[in-house]
Amino acid sequence: MSERRPPDLTELVGDDVPEAELANLRRVDSLLRSVPAPPELPDRLAAPVRHESRPSRLWTPRRSLAAVALAAAVAALAFGLGAWIAGGNSFDERYAVEMSGTFEAPAASAVVRLGEPDEDGNRPIRLEATGLEPLPEGGYYVLWLEKDGEYAGTCGTFAVGAGDAEAEWTVSYDFTDYDAWVVSARVPGDEPADAPRILEAEISF
Amino acid sequence: MALLAMATEDDAALIQRTGLGDRDAFEELYRRFARPVLGMAIRQLGDSGRAEDATQETFTAIWRSARSYRPERGTASAWLYAVARHAIIDRARQRVEPAAEAPDEPSRDLGPDEHAELSWLAWRVHSALQRLPERERAVLELAYWSGLSQSEIASYLDVPLGTVKTRTRAGLARLAGLLEEVRR
């Protein structure tokens, strides 16, 4: 890139530009002088890489139907077994939300299940996640409630072994105060604020 | 969708259509943002080969995660910047030796805050440039970064000197509007 500086603005656009317009152009002129040149794209980047798969493949209508059918069958079996084994002492689910993987973990997904709150407002919450990567030693995942784009309330932490995880906590939040569920990955040595978003879902009661 | 109509479509709409699997929308996003992403990657990684890899990874991430974009949470440009930043950081973490600093002249002797500010500013300016008509963009890039004089640009493009000044003026005015749009 040349070291020669660009000519003055009036030389670039001519000296017959009204002062009001010139002031507007001067702001842009100043910005252009303050940034480096945009690079030319090499041949390799002339066009985007072809992606054969479409986004949102995890929950295509066909897969969703199959998943619903499978989930219903599994739930019925689990309920029957649970009731048989534990005498009916299973998680008393009142609400469930599906979380989907961000670009950090597009193959991951999870379900957050909320139980019935007790008389003091303590509510059991269960997370069932699949497709998550095991984190380096000392790392863990965190289920958050997000407000205005910030991690605002912690529901709990969990670790992942072979890609699947199930964790259960009790929380006392009013979920309507928050915008979204988020799972982040906390890796030792990284700042908490830099913890990448791995799973997310909007809160909509 | 007609190419002309898509060229004027805002970034948020393009991301949302990409989230639905619309390849034309994705390619328009690529046309607008590939150079800003590559510029950012070169500044962060200091290595053109790795920067090109990071650029490809950024667009893979955009294709996969576009459906998670929520316009009410921020501008499209900021979302794309964040996706690019993540991909570039991931690429930087893969190297054994410490990441090289950018060789760009404006980033010399800058602290982390100033570096981040310059990175965001360059992103905004470069992506706005990509929205200009080709004839205006070419004149501006030659005027500001080639070192050519206006007369040399006129000769290089084989157009009258007055046309170069007219295009420069029009391009700067359009760029002012686009940069204001990004800031909203």
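Worth knowing before you read on, the calculation uses all heavy atoms, side chains too, and leaves out hydrogens, waters and symmetry mates. Residue numbering restarts at 1 for every chain, and letters A, B, ... go by the order of the sequence lines.
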Is it the backbone or the side chain of [X] that comes under 4.5 Å from a heavy atom of chain B, or both, or neither?
X       : value
A201(A) : neither
E40(A)  : both
R197(A) : side chain
R27(A)  : neither

Legend entry - Residue pair Q130(B) / P38(A), side-chain heavy-atom distance below 4.5 Å: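 No, side chains not in contact.
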
Legend entry - Any side-chain heavy-atom pair of W123(B) and V35(A) under 4.5 Å: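 No, every pair of side-chain atoms sits at 4.5 Å or beyond.
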
Inset, instruction - Please determine, among V83(B), L129(B), V164(B), the option with the most heavy-atom pairs under 4.5 Å with chain A. - result: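 Highest number of pairs under 4.5 Å: V83(B).
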
Legend entry - Pick from P36(B), S68(B), G162(B) with the largest number of heavy-atom pairs that fall under 4.5 Å of chain A: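 Most heavy-atom pairs within the cutoff with chain A belong to S68(B).
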
Quick one: closest heavy-atom pair of [X] and [Y], and the distance?
X       : Y       : value
P42(A)  : L38(B)  : CD-CD2, 3.8 Å
L121(B) : S34(A)  : CD2-OG, 3.4 Å
L12(A)  : A143(B) : CD2-CB, 3.8 Å
L9(A)   : Y144(B) : CD1-OH, 4.3 Å
R35(B)  : P39(A)  : NE-O, 2.7 Å

Inset, instruction - Give the intermediate values and the outcome of side-chain contact (heavy atoms from CB on, under 4.5 Å) for residues T55(B) and R44(A). - result: CA-CA 11 Å; T55(B) 301; R44(A) 176 186 169 199; over 6 Å; no

Over 12 non-hydrogen atoms of neighbours within 6.0 angstrom of [atom1] in [X]:
X       : atom1 : value
E72(B)  : CD    : yes
E19(A)  : CD    : yes
D120(A) : CG    : yes
E117(B) : CD    : no

Legend entry - Structural part of S149(B) lying under 4.5 Å from a heavy atom of chain A: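 S149(B) touches chain A through backbone and side-chain heavy atoms alike.
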
Inset, instruction - Measure distances from E141(B) to the heavy atoms of chain A and classify the residue's part below 4.5 Å as side chain, backbone, both or neither. - result: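 Just its side chain gets close to chain A.
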
Please round to the nearest 0.5 Å and tell me the distance separating atom [atom1] of [X] and atom [atom2] of [Y].
X       : Y       : atom1 : atom2 : answer
R70(B)  : D179(A) : CZ    : CG    : 11.5 Å
W145(B) : R33(A)  : CH2   : CZ    : 11.0 Å
L175(B) : L31(A)  : CG    : CG    : 8.0 Å
L25(A)  : T168(B) : CG    : OG1   : 10.5 Å
E180(B) : N24(A)  : CD    : CG    : 9.0 Å

Legend entry - Check: E11(A) main-chain N/O paired with K165(B) side-chain donor or acceptor under 3.5 Å: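 Indeed, once roles are kept as given, a pair shorter than 3.5 Å links the two residues.
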
Legend entry - H126(B) (side chain) donor-acceptor with P36(A) (main chain) under 3.5 angstrom: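 Answer holds: yes.
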
Inset, instruction - Would you please name every residue forming a salt bridge (Lys or Arg N to Asp or Glu O under 4.0 Å) with E152(B), sequence neighbours left out? - result: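 Only R4(A) meet the salt bridge (Lys or Arg N to Asp or Glu O under 4.0 Å) criterion with E152(B).
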
